[in-house]
Amino acid sequence: MEGVWGRLFILKLIFSIQGGDFTHAGHPSSEVKKVLKQLDIDGKTIKNIVIALYEAEVNVVAHAWRGTVDVEIDESKITILVSDEGPGIPDIEQAMQAGFSTASKQVREMGFGAGMGLPNMKKNTDELYIESEVGKGTTVKMVNNFS
Amino acid sequence: MKVSEIVEKLKLKVYSGQKGLDREISGGYVSDLLSDVMGNAREGEVWITLQVHQNVMAIASLKDLAAVILVNNLEPLENTVRHSNDENIPVLGTSLSTFEIAGKLYQLFNQ
Ligand SMILES: Nc1ncnc2c1ncn2[C@@H]1O[C@H](COP(=O)(O)OP(=O)(O)OP(=O)(O)O)[C@@H](O)[C@H]1O
Ligand SMILES: [Mg+2]
């Protein structure tokens, strides 16, 4: 799709996530992984993206009410937008700290709630932006450049 | 070393994912924190854990792990078994504790 931006192609994927639904957590990550493999993106980059997207997905499941994952892939990068309706994050800087978690007892018993998700997302993306409004929801934008 | 070899040598139960028994193992990872495994486990590793729910398989599959070993005689939940069979990633079991089985696997792997 050669357009005004000179891009060769743009591929879009959209998924919805239900808060509390741990049974489907990982589905968007798994689909995105398949597509990136088909596009012959290098293994290390795919691994990074899968880690970051899985953590973002699980945060919606564990902490929010419902959300969507919007993925846009062009020939130079992947941009992932995970937006949710949920309680929001009052202090993003605090939330980014390794070990900080407000996960419920039930979520912790499953092995989530180590406070490692956001640090994992930071570590495995080239760009990470978080916007949040308390009582409304959170939007996470992640960009990974292809090498 | 293949998954089938550790099954035999460590006398592990095979709950599911039999088709993945010829997967090659690159090492092991021990953790019950899912984000820790997501962030730090590497492709081809065997994951030793006490978590039995299906998110374990979602992670094993996303990370291309070789197999999962459940400790202390814990059994996988039904969804975990189904997912394991779909992905051909074996779920194995032992009566040993995490400490004991990790020690044995480490020894086997480094001899
Ligand atoms: N989408 C979200 N909506 C509301 N709060 C969130 C959201 N994402 C993260 N948070 C808040 O930030 C904290 C830290 O998130 P992070 O992903 O690092 O750890 P965790 O989800 O608690 O545990 P882990 O990811 O290790 O399983 C969460 O406990 C929660 O308070
Ligand atoms: Mg998290």
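So you know, we letter chains A, B, ... as the sequences are listed, proteins then strands, and number each from 1.
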Rounded to the nearest 0.5 angstrom, the CE-OG distance for A:Met116 and B:Ser31 is 7.5 Å
Atom CZ of B:Phe99 with >12 non-hydrogen neighbours under 6.0 angstrom:
no
Can A:Leu81 be reached from A:Ile49 by stepping across I, L, V, M, F, W or Y side chains whose heavy atoms are under 4.5 Å apart?
no
When the 4.5 angstrom heavy-atom criterion is applied to B:Leu50 and chain A, the contacting part is neither
Is B:Asp32 salt-bridged to A:Arg108, cutoff N-O under 4.0 Å?
no
Can you tell me how far the OG atom of B:Ser35 sits from the CG atom of A:Asn59, to the nearest 0.5 Å?
7.5 Å
Against chain A, work out which of B:Thr49, B:Asn55, B:Val56, B:Asn79 has the most heavy-atom pairs shorter than 4.5 Å and name it.
B:Asn55
Measure the spacing between OG1 of A:Thr23 and NE2 of B:His53 and express it to the nearest 0.5 Å.
12.0 Å
Going only through I, L, V, M, F, W and Y residues with side-chain contacts under 4.5 Å, is there a path from B:Val68 to B:Tyr106?
no
What verdict does the side-chain contact (heavy atoms from CB on, under 4.5 Å) test give for B:Arg42 and A:Lys47, after you've listed the backbone C-alpha separation in whole Å, the side-chain angles of each residue and the deciding distance to 0.1 Å?
CA-CA 10 Å; B:Arg42 282 166 300 192; A:Lys47 286 187 172 81; over 6 Å; no
Applying the 4.5 Å side-chain criterion to the ILVMFWY set and letting contacts propagate, would B:Leu108 and B:Ile69 be lumped into a single cluster?
yes
How far apart are the closest heavy atoms of B:Leu62 and A:Tyr54, and which atoms are they?
CD1-CD1, 3.4 Å
Between B:Ala58 and A:Ala25, what is the shortest heavy-atom contact and its length?
CB-O, 3.9 Å
Tell me whether the count of non-hydrogen atoms from other residues, nucleotides or ligands lying under 6.0 Å of CD in A:Glu131 goes above 12.
no
Supply the atom-to-atom distance A:Phe112 CZ to B:Leu33 CG, rounded to the nearest 0.5 angstrom.
10.5 Å
Transitive ILVMFWY side-chain link B:Trp47 to B:Val81, under 4.5 Å
no
Hey, could you give me the CD/NZ distance between B:Glu43 and A:Lys44, rounded to the nearest 0.5 Å?
11.5 Å
Report the C-alpha separation of A:Val50 and B:Met38 in whole Å, then their side-chain angles, then the decisive distance to 0.1 Å, and conclude whether the side-chain contact (heavy atoms from CB on, under 4.5 Å) test is met.
CA-CA 9 Å; A:Val50 164; B:Met38 203 58 214; 3.9 Å; yes
Quick check: are there more than 12 heavy atoms from other residues, nucleotides or ligands sitting under 6.0 Å from NZ of B:Lys19?
no
B:Glu78 CD: over 12 foreign heavy atoms closer than 6.0 Å
no
